Every structure is written in structure tokens, then in C-alpha cells.
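See below for the structure under consideration.
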Amino acid sequence: NAGFASIKFSDDTNDTQFGYIKYTHADSQSSGGGSSLHLLGQSDHTIIIGDGTNTGKILVTTKNSTSEVDYGFYNDLNEGVRIQNGDLKIDRDNGNIFIKSGVTGTNGFINWTFNSESTVYIKTGIEYDTRASIGYHIDSGYPITIDCTTNIDFKRSGTVLGRWNSTGLGIGTTSPS
């Protein structure tokens, strides 16, 4: 039960570089699953599905579990990405989202739509060409509500220049009256 059933193959005429398809039912070799299928080779791997003419998909059946991720990382099973009830959840200590877009004429935005991707109702992000003049941009066709329990600080380079709290808005002070 701890071994692998394998298929070994090569496209090298000298049979010096091999690929493998391996199956095991051993829990200890299945990253917490009851069994696993491994695609292995001699060097770093890329899995390509489709060829530019014929497209491909990878479909994963979710357990719809709040304790297990749907798309995880080998030997780091509790951290990864989960789609649960239609929501994208990043389950990772200190989880961050990085949007890389950064040459002339590009932007990095998060766009909110309803029922159709053709109408963007709210978008937030930054344009490369106006990053120094406009900076972070929120474009909304609806009201914007900022809701907090204590106060809202307006800062520049980490220094509070103004504070809005339950007593009012203070410019140049952290204690509005």
C-alpha cells in the first residue's frame, strides 16, 4: 500500500530523460488525501492543457469544506485558495493579493460587476501612467461608505494630518473637538 504503480516513458532516443505517471493509495504520500496521482519528470515541470487551437480545463470537485483548501501547495495543505459557495477565499497566514501590472499604458484594477462583465459598476486600482498624479483610484457609480468603529485617519508618509471621529473632523490634529 505504500508503493507506487507507475508508467515510465521517454521521448529521448537515448532513453536518458524520463517522465512518470505514478499512482499511490498511501495516505502518507498523498498530501493528506486517500490517494494521489503524480506527474513527474527529470527537471522542472510545466503542465500544458490545450495547444492554442484546442483549449483545455482543469476541473476540481470541491469538498466545500471550511477546513480544507481546494487548490493547495504540496506539504503546505492548510494554505492555498478555496472557492466556497461562489466566494474566492485565500486561506493563508499573512495572505496578500498581488496584482502585477506596470508598464506604460497599463493598469491594475479590481472591477465589480453584476450579472454581466460588460458593465463595471465600481473599480479600484491604479494606472501606471497616472500613478504619481492620481495615485490609487476608486471609480464608483454608487455612493462610497466608509464605516469604522473609532476613527478615520488621513496620513501622509505615516504622519496623521487629520482625523475624523465621533466628535468631528480635525485637520492638523489627532483630537478633533
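Position 1 is the first residue of the sequence, and the numbers go up from there. What you see is a predicted model, and the numbers here were worked out from it, not measured in a lab.
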*Excluding sequence neighbours, so at least two apart, what forms side-chain hydrogen bond (donor to acceptor under 3.5 Å, both in side chains) with S140?*
none

*Do F109 and I97 share a hydrophobic cluster, counting only Ile, Leu, Val, Met, Phe, Trp and Tyr and linking them when any side-chain heavy atoms are less than 4.5 Å apart?*
no

_Tell me whether V160 shares a hydrophobic cluster with I146, the cluster being built from Ile, Leu, Val, Met, Phe, Trp, Tyr side chains joined at under 4.5 Å._
no

*Could you pull out all residues at least two apart from L39 that satisfy side-chain contact (heavy atoms from CB on, under 4.5 Å)?*
I21, I47

*asked:* I need the full list of salt bridge (charged side-chain N to carboxylate O under 4.0 Å, His left out) pairs touching residues 129-138, with sequence neighbours left out, sorted by first then second residue.
replied: none

_salt bridge (charged side-chain N to carboxylate O under 4.0 Å, His left out) contacts touching residues 162-177 (sequence neighbours left out)_ = D153-R163

*Sequence neighbours excluded, which residues qualify as side-chain contact (heavy atoms from CB on, under 4.5 Å) partners of D51?*
T53, N54

*Can you check whether T119's main-chain N or O pairs, donor with acceptor, with T113's side chain at less than 3.5 Å?*
no

*Transitive ILVMFWY cluster of F18, excluding itself - 4.5 Å side-chain cut-off*: Y20, L40

*Enumerate the residue pairs fulfilling salt bridge (charged side-chain N to carboxylate O under 4.0 Å, His left out) with a member in residues 132-144, sequence neighbours excluded, ordered by first and then second residue.*
none

*Partner residues of D12 under the side-chain hydrogen bond (donor to acceptor under 3.5 Å, both in side chains) criterion, sequence neighbours left out*: T16

*Working to the nearest 0.5 Å, report the span between CD1 of I122 and CD1 of I144.*
7.0 Å

_side-chain hydrogen bond (donor to acceptor under 3.5 Å, both in side chains) involving T167 - partner list, sequence neighbours excluded_ = N165

_Qualifying ring pair (Phe, Tyr, Trp, His ring centres under 6.0 Å) pairs with a residue from residues 140-162, counting only residues at least two apart or across chains_ = Y121-Y142

*Tracing side-chain links under 4.5 Å among I, L, V, M, F, W and Y, which residues wind up in one group with V120?*
none

*Of all residues at least two apart in sequence or in a different chain, which pass the side-chain hydrogen bond (donor to acceptor under 3.5 Å, both in side chains) check with S116?*
S118

